Protein chains: 2
Amino acid sequence: MDAASNREAVPEVDRRRLPPQERRQQIVDGAVSFFAEVGLDGKTRELAGRLGVTQSLIFKYFVSKQDLVEAVYERVYLERISPHWPALIRDRSRSIGKRMSEFYRDYGGRIFDHDWMRIFMFSGLAGAQLNKRYLNHLRLTLLEPMLDEIHVASSGEVDATLEDLWSLHGGIVYIGIRQHIYQMPTPDDPQPEIDRMIQRFLRSFGIEEACAPS
Amino acid sequence: MDAASNREAVPEVDRRRLPPQERRQQIVDGAVSFFAEVGLDGKTRELAGRLGVTQSLIFKYFVSKQDLVEAVYERVYLERISPHWPALIRDRSRSIGKRMSEFYRDYGGRIFDHDWMRIFMFSGLAGAQLNKRYLNHLRLTLLEPMLDEIHVASSGEVDATLEDLWSLHGGIVYIGIRQHIYQMPTPDDPQPEIDRMIQRFLRSFGIEEACAPS
DNA sequence: GATCTTGTTCATCAGACGATCAATAAGGTA
DNA sequence: TACCTTATTGATCGTCTGATGAACAAGATC
């Protein structure tokens, strides 16, 4: 019943003296799931215990706890953005419905993740810049182009606004919030519901599409 | 520049020796806005400082910090539910669109609140039961009846599901999340966008309504 | 104004916290 | 095997934390 033997987050009994780069990554990995679970106020001693190392070791790789937290931010941030999305959104050889469906399939696959959802929420509540950067990037590179494409697809006859797209986006993200933050039951596979939402969104603007996912 | 003189959350310089009931309420009020700002890990000494009292006084009214946190939960919880909503949803003398619009107008007026939004999110992340109770109550007394009413209003020709209503709900709530948790710009008055969302939702199911807000 | 009740403060505890640094030992090199 | 580098540990510091209890004083009653 000692501190290092009761958590499954520790991959195995890690033997000592790892290469610095490897150890650093191990600490960040552990910190991601640890902070995701207990919040950014999680204590370094408990994190060290889960990793099976001493608390002082953490401060050999990070000059302060805040330094570690920012490494966690950077880690989770990078995995949630694909450079291919802007081109996907603008690919007019495919219908707007198919593009949006594929984008949100990929997007959902990346953000419906326990650790990401919770760390993004924790950092938002803490007032970190991570969230604003991320959401502004999302708006500039994805939502605003998406809005353009909807206007083009409807020959400019549609009065959709950016705020409308945020509401669609919010409805999709809310599935993950219900699941990972409120821990409420959600569909096992959110993709069908996401496709329904996109289809309803476009249909409500008179853009009818046979939106078969395949 | 001392601890008790630089916050506007303190209504005024409160003079000592208040009636217990009044003092208790003052502490809870202060705790609501304090915990909403810094999180449930906020320190009792800082809270006391903002209230202009000593830290030990808090423990004369609450046996532990957790006891205070639960008083905060109860406080914010009660203000966010109206007993009139179920009857409003079921009032078939009015169109379903008007009922949903009025419900979400009232609902938004209660939950688009800095303190509520943040405490609800903090408590959700902490795994508190508050959120599950609240969302289950919302589903049972409001969303499921609303789904029934939509089916009735469309003479049973509509395939709307509860999950569809959650997506509408999530899109609406997400406005508050953007505003108060991510601190991103949102419409000054969210009501027009909410009405648009409801209208789009119904329209996408073929329920067309002239949804003038008045 | 003397007295009593009790709301409030002051001093303090025991433990936990982030962070530091000398001591230790793992593991490569010869 | 002896040696050296350095990843890791163990002990410790100063501070802060929730919580406790004795001492104080505000304000009502007579």
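Chain identifiers are assigned alphabetically (A, B, ...) following the order of the sequence lines, protein sequences preceding nucleic acid strands; residue numbering begins at 1 within each chain. Keep in mind the model is a prediction, meaning the values are calculated, not measured.
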For [X] and [N], give me the distance from atom [atom1] to atom [atom2], rounded to whole Å.
{"X": "A:Glu22", "N": "D:dT6", "atom1": "CD", "atom2": "P", "answer": "18 Å"}
{"X": "A:Lys43", "N": "C:dA19", "atom1": "NZ", "atom2": "P", "answer": "12 Å"}
{"X": "B:Lys65", "N": "D:dT20", "atom1": "NZ", "atom2": "C1'", "answer": "18 Å"}
{"X": "B:Leu57", "N": "D:dA26", "atom1": "CG", "atom2": "C1'", "answer": "14 Å"}
{"X": "A:Ile58", "N": "D:dG10", "atom1": "CD1", "atom2": "C1'", "answer": "15 Å"}
{"X": "A:Gln21", "N": "D:dT6", "atom1": "CD", "atom2": "P", "answer": "16 Å"}
{"X": "A:Leu40", "N": "C:dG18", "atom1": "CG", "atom2": "C1'", "answer": "16 Å"}
{"X": "A:Leu18", "N": "C:dA25", "atom1": "CG", "atom2": "C1'", "answer": "15 Å"}

Distance-only donor-acceptor check, side chains [X] and [Y], under 3.5 Å:
{"X": "B:Gln26", "Y": "B:Glu22", "result": "no"}
{"X": "A:Ser167", "Y": "A:Asp164", "result": "no"}
{"X": "A:Ser123", "Y": "A:Asn131", "result": "yes"}

Examine the base of D:dG10 for any acceptor or donor lying under 3.5 Å from a partner atom in the side chain of A:Ser56, and report the outcome as yes or no.
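Pair found.
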Report yes if a side-chain nitrogen or oxygen of A:Tyr61 is closer than 4.0 Å to either non-bridging phosphate oxygen (OP1 or OP2) of D:dT8; otherwise report no.
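Answer yes for this pair, as a side-chain N or O of A:Tyr61 is under 4.0 Å from OP1 or OP2.
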Any side-chain N or O of A:Arg23 below 4.0 angstrom from OP1/OP2 of D:dA7?
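Checking A:Arg23 against D:dA7: no side-chain N or O falls below 4.0 Å of OP1 or OP2.
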Can you identify which nucleotide, out of [options], has its nearest atom closest to the [X] side chain?
{"X": "A:Arg17", "options": "C:dA26, D:dG18, C:dA19", "result": "C:dA26"}
{"X": "B:Thr54", "options": "C:dC10, D:dA19, D:dA7", "result": "C:dC10"}
{"X": "A:Lys60", "options": "C:dT8, C:dG18, D:dT9", "result": "D:dT9"}

May I ask you to say what B:Pro19 touches in the nucleic acid, namely base, sugar-phosphate or nothing, with a heavy-atom cut-off under 4.0 Å?
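The answer is nothing, as B:Pro19 stays clear of every strand by at least 4.0 Å.
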Base, sugar-phosphate or nothing for A:Thr44? Non-hydrogen atoms, less than 4.0 Å.
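Sugar-phosphate contact only - A:Thr44 comes under 4.0 Å of backbone atoms but never of a base.
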Could you tell me whether B:Glu149 and B:Arg99 make a salt bridge, using a distance below 4.0 angstrom between a side-chain N and a carboxylate O?
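Yes, B:Glu149 and B:Arg99 are salt-bridged.
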Suppose we call two aromatic rings close when their centres sit under 6.0 Å apart. Are A:Tyr134 and A:Trp116 close by that rule?
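Ring centres of A:Trp116 and A:Tyr134 closer than 6.0 Å.
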Which comes earlier along DNA chain D counting from the 5' end, the contact point of B:Phe59 or that of A:Arg45, where each point is its nearest nucleotide?
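Its nearest nucleotide lies further toward 5', so the answer is A:Arg45.
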